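In this text the structure is predicted, and so the values were computed from the model without any measurement.
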Amino acid sequence: MAYGKKAHLIDNIEAIATVFRLNKEGRGATASEREILSRYSGFGGLKCILNPARTLEDAARWTKSELDLFPQVADLHRLIRENAPDERTYNRYVDSLKQSVLTAFYTPPAVVESLAHTLRNHGVTPTRLLEPSAGTGTFVEAFNPGNSVENVAFEKDLLTGKILNALYPDADVHIEGFENIKQKQLETFDVVVS
């Protein structure tokens, strides 16, 4: 299966715009908004987002192989800038994205569902689950049929964490690195997945 960079960029931008809108309006996601949020795939493999993309002069410095992504990258930065309350917050979002470019590859849902199914078949039915690198919550979804599991999820990337929180408002979502977990949170987990 080919990795369509432009399609992933467009889906990611739409998801980020949606989560910013939800936060501004102070409400949960509708079913159609949840669908948009669930298509978010992070920016792993999309190093083009690290390129300057404010002006057409910036486009002149892009490689030919990535130039067709310039409009989407410009839209991404414009969206983040418009929704950040200040320049410091904008820079935090961008720094968070930069850190995720090399590491944000999500486990395919089919793999996660297979793991959850296998554990259930072996009598493992968790009541408390820890996901130390949650992304958009694929493991949270697969291990939580009927919302019966207490989920503690960590996601370091700021924008991904916002999307995770919008998708799973009942989960205990921490938008920070797992290394910041508190001793109290480490009490007992039936399953730790990542």
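- In this structure, R21 places its CZ atom where more than 12 heavy-atom neighbours from other residues, nucleotides or ligands lie under 6.0 Å away.
- Residues forming a salt bridge (charged side-chain N to carboxylate O under 4.0 Å, His left out) with E179 (at least two apart in sequence, or on another chain): K156.
- V191 places a side-chain heavy atom less than 4.5 Å from the side chain of V124.
- Connection of V19 to I175 is established within a shared hydrophobic cluster, with ILVMFWY side chains joined at heavy-atom distances below 4.5 Å, either directly or through further cluster members.
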Practice item. Please test H174 against N180 for side chain to side chain contact (heavy atoms under 4.5 Å, CB included), starting from the C-alpha separation and ending with a verdict. Key: CA-CA 9 Å; H174 299 266; N180 295 325; over 6 Å; no
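- With 3.5 Å as the limit, one finds no donor-acceptor pair spanning the side chains of Q99 and S96.
- In this structure, the separation between CG on N83 and NZ on K24 is 4.0 Å, given to the nearest 0.5 Å.
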Practice item. Please lay out, stage by stage, how K5 and L9 fare under the test side chain to side chain contact (heavy atoms under 4.5 Å, CB included). Key: CA-CA 6 Å; K5 290 182 178 185; L9 264 173; 5.6 Å; no
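- In this structure, CG on D68 lies 4.5 Å from NZ on K6, to the nearest 0.5 angstrom.
- Atom-to-atom distance recorded for L37:CG and L164:CG is 10.5 Å, nearest 0.5 angstrom.
- Closest of all the heavy-atom pairs between L159 and I16 is CD1-CD1, 3.9 Å.
- Grouping the Ile, Leu, Val, Met, Phe, Trp and Tyr side chains by contacts below 4.5 angstrom, directly or via other members, places V101 with W62.
- At a threshold of 4.5 Å between non-hydrogen side-chain atoms, the residues R78 and D75 count as touching.
- A heavy-atom distance below 4.5 Å is found between the side chains of I49 and L76.
- Two residues are said to be in side-chain contact when any heavy atoms from C-beta on lie closer than 4.5 Å; R81 and R54 meet this criterion.
- At least one side-chain heavy atom of T136 sits under 4.5 Å from a side-chain heavy atom of T160.
- Residues passing the ring-ring contact (aromatic ring centres under 6.0 Å, His included) test with Y93, sequence neighbours excluded: F20.
- No single ILVMFWY cluster, assembled from side-chain heavy atoms under 4.5 Å apart, contains both I10 and L46.
- To the nearest 0.5 Å, atoms CZ (F189) and CD (E131) are separated by 11.0 Å.
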Exercise for review: Take E150 and T127, measure what side chain to side chain contact (heavy atoms under 4.5 Å, CB included) needs, and give me the verdict at the end.
Suggested key: CA-CA 6 Å; E150 178 188 349; T127 57; over 6 Å; no
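- Closest non-hydrogen pair, R92 versus L158, comes out as O-CD1, 3.6 Å.
- Partners of T63 according to the side chain to side chain contact (heavy atoms under 4.5 Å, CB included) rule, which considers only residues two or more places apart in sequence or in another chain, are S65, E66.
- When all heavy atoms of P52 and D58 are compared, the closest pair comes out as O-CB, 3.4 Å.
- A single hydrophobic cluster is seen to contain both Y90 and L79, as judged by linkage of ILVMFWY side chains at heavy-atom distances under 4.5 Å, directly or through other members.
- The side-chain heavy atoms of L97 and I80, taken from C-beta on, include a pair separated by under 4.5 Å.
- In summary, the side chains of N121 and T118 do not present any donor paired with an acceptor at a separation below 3.5 Å, with no hydrogens or angles considered.
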Practice item. Begin from the C-alpha positions of N51 and R61 and carry the test side chain to side chain contact (heavy atoms under 4.5 Å, CB included) through to its verdict. Key: CA-CA 9 Å; N51 297 336; R61 292 187 289 268; over 6 Å; no
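- Contact between N12 and G42 at its shortest, heavy atoms only, is ND2-O, 2.6 Å.
- Using modelled atom types, one side-chain atom of S38 and one backbone atom of E35 make a donor-acceptor pair closer than 3.5 Å.
- Summarising the geometry, atom CD belonging to E33 is positioned 10.5 Å from atom CD belonging to E14; distances are rounded to the nearest 0.5 Å.
- P126 and V149 get closest at one heavy-atom pair: O-CG2, 3.3 Å.
- E141 and Y168 make their closest contact through OE1-OH, 2.9 Å (heavy atoms, listed as atom of the first residue, atom of the second, distance).
- For the pair I181 and P132, the minimum side-chain heavy-atom distance is 4.5 Å or more.
- A perpendicular orientation is assigned to the rings of F43 and Y40, their planes being inclined by more than 60° (bins at 30° and 60°).
- At least one donor-acceptor pair under 3.5 Å links the side chain of D190 to the backbone N or O of R128.
- Residue F178 holds its CZ atom at 10.0 Å from OG of S133, rounded to the nearest 0.5 Å.
- Put simply, the side chain of D172 does not reach to within 4.5 Å of the side chain of N151, judged on heavy atoms.
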